[in-house]
Amino acid sequence: MQRERISIPKNVLYIVMALLLYVLQSSWFGMWSIRGYHLDLLPALVAAAALLDGPAEGVIVGVAVGLFYDLGFVGIDGLYPLFFILFGLVAGAMSRLTLSGTYISMLLMTAFEMILLGLIRYFVYLLPQAGASIGLVLQQIIGGTLLTCIFCFIVYLPMRKISRIFADR
């Protein structure tokens, strides 16, 4: 079995990109909404890293994104890093087996990731605490997922460029 080489500078750039998106999302994107839906691009980072570079980068970016989620959102501590680590690992493995690293594959993985994350939030936090209606929650999940998929190119293009720069080395 061949070991995968992990590029530390590439992963540092990915984490810096995650930090920048977290800051933008917490400040500027947090105040901006379209028809009541807010843009959430952090999950797209995990999908892009996993699909472009494999499971190791998916896990590394998943840890960073999960920690940023834990810092900024209400919920059960540790749930977000665990979710994003597992998603990065599975998405990276799928990218090696079935999916290509194309933009369409990233859109599909991001949509699946956001719907799954929304449902986990609902069943773990919203339902027991607030008794939220599933219809309203599904509306917010689907609307937020569609909005994120529209703006995924903001994440995919720089991630692809970083991946290609370090693929030649």
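Scope of the values below: all heavy atoms of this structure, side chains included, with no hydrogens, waters or symmetry mates.
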- Note on the structure: The reported gap from CD1 in Ile154 to CG in Leu24 (rounded to nearest 0.5 angstrom) is 9.5 Å
- Flag side-chain contact, heavy atom, 4.5 Å: Ile165 against Lys161: yes
- Nearest heavy-atom neighbours spanning Arg96 and Gly54: NH2-CA, 3.5 Å
- Query: For Ile134, which residues count as a side-chain contact (heavy atoms from CB on, under 4.5 Å) partner, sequence neighbours excluded?
  - Reply: Tyr122, Leu138
- List in chain and number order the residues that pass side-chain hydrogen bond (donor to acceptor under 3.5 Å, both in side chains) with Ser105, two or more places apart in sequence or in another chain; answer none if no residue qualifies. Thr102
- Steps toward side chain to side chain contact (heavy atoms under 4.5 Å, CB included) verdict (Tyr80, Arg121): CA-CA 10 Å; Tyr80 292 120; Arg121 278 185 195 148; 3.2 Å; yes
- Query: Is there any side-chain hydrogen bond (donor to acceptor under 3.5 Å, both in side chains) pair reaching into residues 8-23, and which pairs are they, with sequence neighbours excluded?
  - Reply: Lys10-Asp53, Tyr14-Asp53
- Within the side chain of Ser163, is there an N or O that forms a donor-acceptor pair under 3.5 Å with the backbone of Arg160? no
- Message: Is there a path of hydrophobic side-chain contacts, each under 4.5 Å between heavy atoms of I/L/V/M/F/W/Y residues, joining Met109 to Ile104?
- Response: yes
- Message: If hydrophobic clusters are built from ILVMFWY residues whose side chains come within less than 4.5 Å, do Leu67 and Leu117 share one?
- Response: no
- hydrophobic_cluster_shared for Val59 and Ile6, side chain cutoff 4.5 Å: no
- Could you tell me whether Tyr37 atom OH has more than 12 heavy atoms of other residues or ligands within 6.0 Å of it? yes
- Would you call Leu89 and Pro55 a side-chain contact if the rule is heavy atoms closer than 4.5 Å? yes
- Message: Main chain of Met114, side chain of Thr145: is a donor-acceptor contact present, judged purely on distance under 3.5 Å?
- Response: no
Using residues 40-48 as the side-chain source, report each donor-acceptor pair under 3.5 Å to any protein atom, sequence neighbours left out, with the distance given to one decimal.
unit_1, atom_1, unit_2, atom_2, d
Asp40, OD1, Gln25, NE2, 2.7
Asp40, OD1, Tyr69, OH, 2.9
Asp40, OD2, Tyr69, OH, 2.3

- Inter-residue atom distance Met94.CE - Phe112.CZ, 0.5 Å rounding: 8.0 Å
- Atom CD1 of Ile8 with >12 non-hydrogen neighbours under 6.0 angstrom: no
- Task: Can you see which heavy atom on Ile141 is nearest to which on Gly118, and at what distance?
- Result: CD1-C, 3.5 Å
- Note on the structure: residues 39-58 vs ring-ring contact (aromatic ring centres under 6.0 Å, His included), sequence neighbours excluded, gives none
- Item | Single-linkage hydrophobic cluster Val155~Leu19, side-chain heavy atoms < 4.5 angstrom | yes
- Item | Residues that Tyr103 engages under ring-ring contact (aromatic ring centres under 6.0 Å, His included), provided they are two or more places apart | Tyr156
- Task: To the nearest 0.5 Å, tell me how far Leu146 CG sits from Ile34 CD1.
- Result: 11.5 Å
- Message: When you group the ILVMFWY residues by side-chain heavy-atom contacts below 4.5 Å and let the links chain together, are Leu51 and Leu21 in the same group?
- Response: yes
- Query: Between Ala50 and Gly88, what is the shortest heavy-atom contact and its length?
  - Reply: CB-O, 3.6 Å
- Query: If every non-hydrogen atom of Cys149 is compared with every non-hydrogen atom of Leu107, which pair is closest and at what distance?
  - Reply: O-CD2, 3.3 Å
- Hey, could you give me the CD1/CG distance between Ile142 and Leu147, rounded to the nearest 0.5 Å? 13.0 Å
- Item | side chain to side chain contact (heavy atoms under 4.5 Å, CB included) between Val137 and Gln140, worked out | CA-CA 5 Å; Val137 170; Gln140 285 296 316; 5.8 Å; no
- Would you name the heavy atoms of Ser95 and Gly92 that are closest together and state the gap between them? OG-O, 2.7 Å
